[in-house]
Every structure is written in structure tokens, then in C-alpha cells.
Amino acid sequence: MISPGKQAAYSPKPPRTMIWRSGREVRMARPLEQAVAAIVCTFREYAGRCGDKHKLCQAELKELLQKELPTWTPTEFRECDYNKFMSVLDTNKDCEVDFVEYVRSLACLCTYCHDYFEDGPPEPPCPQ
Ligand SMILES: [Ca+2]
């Protein structure tokens with residue numbers, strides 16, 4: 001398993017390094033590598049806050065959505081909306097979101113973005 005490197009302590013920037021189990025620090029040179037590291041490190045950071053450190057409880061998921069995906073999380077989301085979202089992500093119905101469930105949701109988000117921008121980026125909403 002991998003863990004965040006020295007520069008990967010909570011930060012809005014993607015981690016530049018990751019430390020493997022062996023203790024070897026590996027530099028994430030390219031944006032896609034940094035994106036993968038950010039996906040892994042973000043999950044580990046939030047999942048490790050309480051309870052099972054390998055799964056997100058609803059409070060951890062809510063905080064992750066609000067802080068790490070604010071553009072995709074409606075500000076008017078109510079507690080019942082988070083409950084519904086949690087229930088959709090929690091495919092094995094253990095009341096927590098494991099890494100596979102989390103990655104599946106990010107894959108859906110990536111697919112949505114890809115489809116949205118497939119014919120080129122949309123016009124800006126207002127003239128600059
Ligand atoms: Ca689950």
C-alpha cells in the first residue's frame with residue numbers, strides 16, 4: 001500500500017511524492033500520476049479520521065464532498081441528500097464507502113465530465 005509522501009500532508013495541491021510500504025519515496029512526475037496520488041491520498045486522509053480507517057462513514061464522506069469536490073456538491077445539499085448519495089455509493093450496504101466504491105463514484109464523475117466536454121468546452125456562462 002502507498003501513503004502520502006512528505007509533501008502530501010493535507011494540501012489543495014496534488015501530492016508530488018508517495019511512500020511505498022518498503023519506505024521508498026516515489027516522485028509523481030506527471031499530472032495523471034499526481035491525480036492518482038490525490039485520489040488515493042484524499043480517500044486515506046478522510047477515511048482515517050474516525051472508525052474504520054479503510055472506509056468512509058457518512059460524516060467523512062460528507063466532509064470530503066464539501067471540501068474536496070465543492071464544484072460538484074450543491075451547496076443546498078440537505079442531510080437527506082447526503083443519506084441518498086451515501087446509499088447509492090454504498091453498493092455492498094455495509095453503511096460505509098470503501099475504496100472501490102469511492103473510485104467507482106469518481107469514475108462516474110470522470111465519465112460525466114468527459115461526456116460534458118466531448119464536443120468542446122461550453123461557452124462561458126457570462127461574457128468576461
Ligand atoms: Ca460499503
Side-chain angles (χ1 to χ4, degrees):
M1 194 60 196
I2 46 182
S3 61
K6 289 176 191 159
Q7 297 172 359
Y10 182 70
S11 159
K13 293 181 180 173
R16 301 261 180 215
T17 61
M18 297 191 79
I19 300 172
W20 299 93
R21 275 191 188 162
S22 65
R24 188 175 141 230
E25 190 166 341
V26 179
R27 184 170 171 267
M28 301 291 132
R30 303 295 303 160
L32 188 56
E33 292 176 329
Q34 293 168 14
V36 171
I39 287 168
V40 173
C41 292
T42 300
F43 178 84
R44 292 172 61 86
E45 181 193 328
Y46 284 86
R49 292 188 175 182
C50 62
D52 187 334
K53 67 179 186 175
H54 301 291
K55 295 178 180 178
L56 295 165
C57 66
Q58 184 160 332
E60 292 165 333
L61 176 67
K62 180 179 175 181
E63 191 174 358
L64 185 155
L65 290 170
Q66 290 174 337
K67 291 187 176 170
E68 306 302 332
L69 293 169
T71 305
W72 306 100
T73 305
T75 52
E76 65 275 6
F77 244 35
R78 298 160 299 162
E79 207 56 40
C80 64
D81 298 316
Y82 286 106
N83 291 344
K84 215 177 281 179
F85 192 68
M86 177 82 175
S87 132
V88 169
L89 296 189
D90 180 19
T91 54
N92 66 0
K93 304 301 175 201
D94 67 350
C95 299
E96 293 186 292
V97 172
D98 62 29
F99 188 73
V100 171
E101 292 165 332
Y102 161 79
V103 168
R104 260 190 224 126
S105 71
L106 292 177
C108 290
L109 182 59
C110 289
T111 302
Y112 171 79
C113 288
H114 175 266
D115 293 347
Y116 186 78
F117 290 102
E118 197 168 31
D119 296 323
E123 293 296 315
C126 345
Q128 300 283 327

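In this text the structure is predicted, and so the values were computed from the model without any measurement. In this chain, residues are counted from 1 in sequence order.
- Side chain of E101 to main chain of D98: a donor-acceptor pair is present (N/O by atom type, distance under 3.5 Å, no hydrogens or angles).
- Side chain of N83 to main chain of S87: no donor-acceptor pair is present (N/O by atom type, distance under 3.5 Å, no hydrogens or angles).
- The closest donor-acceptor contact from the side chain of Q66 to the backbone of T73 lies at 3.5 Å or more, if one exists at all.
- When all heavy atoms of M86 and L56 are compared, the closest pair comes out as CE-O, 3.8 Å.
- Pairing each heavy atom of D90 with each of C95, the nearest pair is OD2-N, 2.7 Å.
- A donor-acceptor pair is defined here as one N or O able to donate and one able to accept, closer than 3.5 Å; no such pair exists between the side chain of E68 and the backbone of L64.
- For the pair H54 and A47, the tightest heavy-atom approach, listed with the atom from each and the gap, is C-CB, 4.3 Å.
- W72 and V97 fall within a single hydrophobic cluster, where Ile, Leu, Val, Met, Phe, Trp and Tyr side chains are chained together by heavy-atom contacts under 4.5 Å.
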Can M18 and E33 be said to form a side chain to side chain contact (heavy atoms under 4.5 Å, CB included), step by step?
CA-CA 10 Å; M18 297 191 79; E33 292 176 329; over 6 Å; no
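- Contact check for V100 versus N92: no side-chain heavy atoms found under the 4.5 Å cut-off.
- In the hydrophobic clustering of this structure, Y112 groups with F117; members are Ile, Leu, Val, Met, Phe, Trp, Tyr whose side-chain heavy atoms approach within less than 4.5 Å, directly or through other members.
- No continuous path of hydrophobic side-chain contacts links V88 to L65 [ILVMFWY only; heavy atoms under 4.5 Å].
- Rounded to the nearest 0.5 Å, atoms NZ (K84) and SG (C80) are 6.0 Å apart.
- Ring geometry for F99 versus Y102: interplanar angle of 30 to 60°, hence tilted.
- E79 is listed as a side-chain neighbour of K62, based on a closest heavy-atom distance under 4.5 Å.
- Summarising the local packing, NZ of K93 is surrounded by more than 12 heavy atoms from other residues, nucleotides or ligands at distances under 6.0 Å.
- Taking CG of L69 as the reference point, atom OG of S105 lies at 8.0 Å (rounded to 0.5 Å).
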Could you go through R27 and R16, starting from their C-alpha distance and side-chain angles, then the distance that decides it, and tell me whether this counts as side chain to side chain contact (heavy atoms under 4.5 Å, CB included)?
CA-CA 6 Å; R27 184 170 171 267; R16 301 261 180 215; 5.7 Å; no
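- Tracing side-chain contacts under 4.5 Å through hydrophobic residues (I, L, V, M, F, W, Y), one never reaches F43 starting from L32; they form parts of separate clusters.
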